[in-house]
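Both ligands and their constituent atoms are indexed starting at 1 by order of listing.
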Amino acid sequence: MSTQRGVFDDALARASAHALEWLESVPTRPVAPRHRADALLDGFAKPLPEHPTDPAVVIDELAALAEPGLMAMGSGRFFGWVIGGTLPAALGADWLVSAWDQNAGMRFATPATAAAEEAAAGWLLDLLGLPPGADVGFTTGATMANFVGLAAGRQHVLDLAGWDLAADGLAGAPRIRVFVGAERHDVIDLTLRYLGLGAPTVVDVDDQGRIRAEALAEAMDRSGGAEGPAIVCLQAGNLHSGAFDPMNDATQVAHDRGAWVHVDGAFGLWAAASPLYRAELAGLELADSWATDAHKTLNVPYDCGMAIVARPEIVRATFGVHTSYLVTDDPGPGDPFEKVPELSRRARGVPVWAALRSLGRSGVVDLVERLALRARELADGIALIPGAEVLNEVVFTQVSVSFGDDDRTRRVTQALLADGTAWMSGSRWHDRDVLRISVSNWSTDADDVAQSLAALERAVASV
Ligand SMILES: *Cc1c(COP(=O)(O)O)cnc(C)c1O
């Protein structure tokens with residue numbers, strides 16, 4: 001019988017070689033994939049072989065089939081959607097997470113990953129200035145982290161209304177009023193659908209997409225004020241402008257009316273780690289729950305989000321499962337499975353520990369501030385391109401640009417993507433087509449900014 005090492009050696013050595021080859025190619029390869037999914041499918045979807053294949057051969061074949069269809073999302077010139085790259089320590093840790101293959105739900109069963117995730121959670125709360133006793137659950141991303149925070153809110157406001165959600169479900173429950181800003185991320189509506197809460201009441205925002213606290217007060221008062229259960233969902237980091245909702249004022253309005261306050265800070269919550277930006281988020285710590293991503297600003301590999309809930313007993317009442325075969329560690333910091341929707345999951349918080357351990361406090365601050373600085377540099381350079389107009393106040397990592405009418409903006413976007421030097425997303429903001437830039441990759445440097453600006457100038461000149 002071969003040793004485990006002998007069994008895994010070849011496949012892991014081949015995977016490591018292909019991974020390094022890929023990573024080496026990222027800074028210089030065109031950012032966009034060369035082939036579309038339909039074309040790649042021909043290679044992948046051969047008839048299922050009748051017999052086994054050597055693992056190392058499978059890995060070689062996989063790397064060769066995938067290569068023409070990979071987007072260089074880790075490139076310093078990838079500015080699409082809001083997508084981070086991966087820090088070396090986080091990637092190494094992610095490989096170990098797969099090799100260890102821990103089902104990370106229980107402290108008793110997988111103490112090493114539970115302890116690493118708890119340590120990462122503590123560092124996170126400290127960096128972001130959030131309540132030290134909050135529960136942190138590691139989710140697939142901010143969508144599920146928002147789901148967790150809003151689910152805890154649903155639990156809490158129905159508790160207060162004297163309704164037993166676990167026993168009686170939602171049918172016949174008091175209606176929960178949910179208030180969101182007009183420019184919340186669409187996944188907020190999605191998670192409200194998951195939660196059976198229906199469509200939210202949309203509150204007016206200012207010209208940068210920040211919720212107006214007075215408009216929130218008016219909307220809440222119009223629908224009954226402090227009467228009946230309510231949830232307010234705020235945003236730290238607007239997709240198009242980067243702007244932050246006025247946390248202090250809006251939270252005050254919501255709490256005065258008995259509402260639960262949740263903050264979607266998928267990328268923007270990290271601004272709280274920087275003394276330069278912390279003031280923009282004054283009052284952040286007063287909310288009841290927060291969602292953020294590690295796979296965006298923190299630059300860990302996909303996938304990882306964090307759901308933070310100030311009152312652990314509420315999130316555990318929502319997601320805890322109590323059966324004889326799950327050995328819990330009560331009382332204590334709670335089991336990982338009590339804080340997220342999944343029972344079985346990978347130890348996706350371990351790369352967060354490694355990322356934070358490698359950056360240190362100053363490294364996190366530097367990362368956040370550098371992303372914002374590069375966004376500022378891009379915006380300043382774009383403002384000098386004839387016909388280009390930066391539409392937002394560049395307060396963080398996001399820049400929205402118009403090149404005239406919608407048609408011209410779309411043609412510039414297409415020309416830029418065809419050029420291959422950089423990748424930026426087309427979007428719509430305030431009834432205009434825009435080219436949207438998100439600086440979220442730790443490796444974006446001054447040279448990437450210069451190359452991307454030159455590519456944009458070429459694209460503008462070509463239309
Ligand atoms: C990215 C993003 C989300 C969704 O996060 P996922 O990690 O993709 O699930 C939600 N809200 C905001 C503001 C985002 O930027």
Side-chain angles (χ1 to χ4, degrees), residues 71 73 78-86 90 124 128 136-151 178 180-195 200 202 205 208-211 232-245 247 250 261-272 277 280-281 284 287 289-308 340-342 345-346 348-349 351-352 355 368 371-372 375 392 395-400 424-425 427-429 434 436-441:
M71 171 80 91
M73 287 185 165
F78 182 87
F79 304 105
W81 303 283
V82 184
I83 289 184
T86 184
L124 178 78
L128 301 182
V136 179
F138 290 92
T139 61
T140 49
T143 303
M144 290 314 288
N146 280 310
F147 172 80
V148 169
L150 293 166
V178 182
V180 300
E183 294 192 18
R184 80 279 180 198
H185 195 286
D186 287 303
V187 301
I188 297 302
D189 301 63
L190 177 68
T191 56
L192 294 174
R193 292 208 296 274
Y194 292 166
L195 289 163
V202 176
V205 294
Q208 298 302 306
R210 289 176 287 243
I211 202 167
V232 171
C233 183
L234 303 177
Q235 177 168 259
N238 176 295
L239 273 190
H240 291 98
S241 69
F244 308 99
D245 282 351
M247 295 297 157
V261 177
H262 172 76
V263 179
D264 175 11
F267 65 93
L269 209 66
W270 291 90
Y277 297 98
E280 294 281 332
L281 286 165
L284 178 71
S289 59
W290 304 262
T292 192
D293 267 321
H295 56 220
K296 291 179 177 174
T297 312
L298 186 62
N299 281 257
V300 309
Y302 280 89
D303 48 25
C304 186
M306 277 89 72
I308 307 162
V340 293
E342 295 86 4
R345 66 169 177 87
R346 72 190 272 100
R348 58 170 57 85
V352 175
V368 170
L371 298 177
N392 64 310
V395 294
F396 196 46
T397 55
Q398 310 294 105
V399 186
S400 287
M424 300 168 182
S425 309
S427 185
R428 263 187 96 71
W429 192 47
V434 295
R436 217 204 42 179
I437 297 168
S438 174
V439 185
S440 303
N441 191 300

Please tabulate, one line per pair, the protein N or O atoms found under 3.5 Å from any N or O atom of ligand 1, giving the distance to one decimal.
unit_1   : atom_1 : unit_2 : atom_2 : d
ligand 1 : 5 (O)  : Asp293 : OD2    : 3.4
ligand 1 : 7 (O)  : Ala142 : N      : 3.0
ligand 1 : 7 (O)  : Asp293 : OD1    : 3.0
ligand 1 : 7 (O)  : Asp293 : OD2    : 2.7
ligand 1 : 7 (O)  : His295 : NE2    : 2.8
ligand 1 : 9 (O)  : Ala142 : N      : 3.3
ligand 1 : 9 (O)  : Thr143 : N      : 2.8
ligand 1 : 9 (O)  : Thr143 : OG1    : 2.5
ligand 1 : 11 (N) : Asp264 : OD1    : 3.2
ligand 1 : 11 (N) : Asp264 : OD2    : 2.7
ligand 1 : 15 (O) : Lys296 : NZ     : 2.8

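- Gln398 and Ser241 share no side-chain donor-acceptor pair at under 3.5 Å.
- Annotation: the span from Leu239 atom CG to Trp81 atom CH2 amounts to 12.5 Å, rounded to 0.5 Å.
- The structure places CG of Leu234 at 5.5 Å from CD1 of Ile211, a figure rounded to the nearest 0.5 Å.
- Residues Phe396 and Glu280 have side chains not in contact (no heavy-atom distance under 4.5 Å, counting atoms from C-beta outward).
- Summarising the geometry, atom CG belonging to Leu190 is positioned 6.5 Å from atom OG1 belonging to Thr143; distances are rounded to the nearest 0.5 Å.
- Remark: Ile437 CD1 to Met424 CE distance equals 4.0 Å, nearest 0.5 Å.
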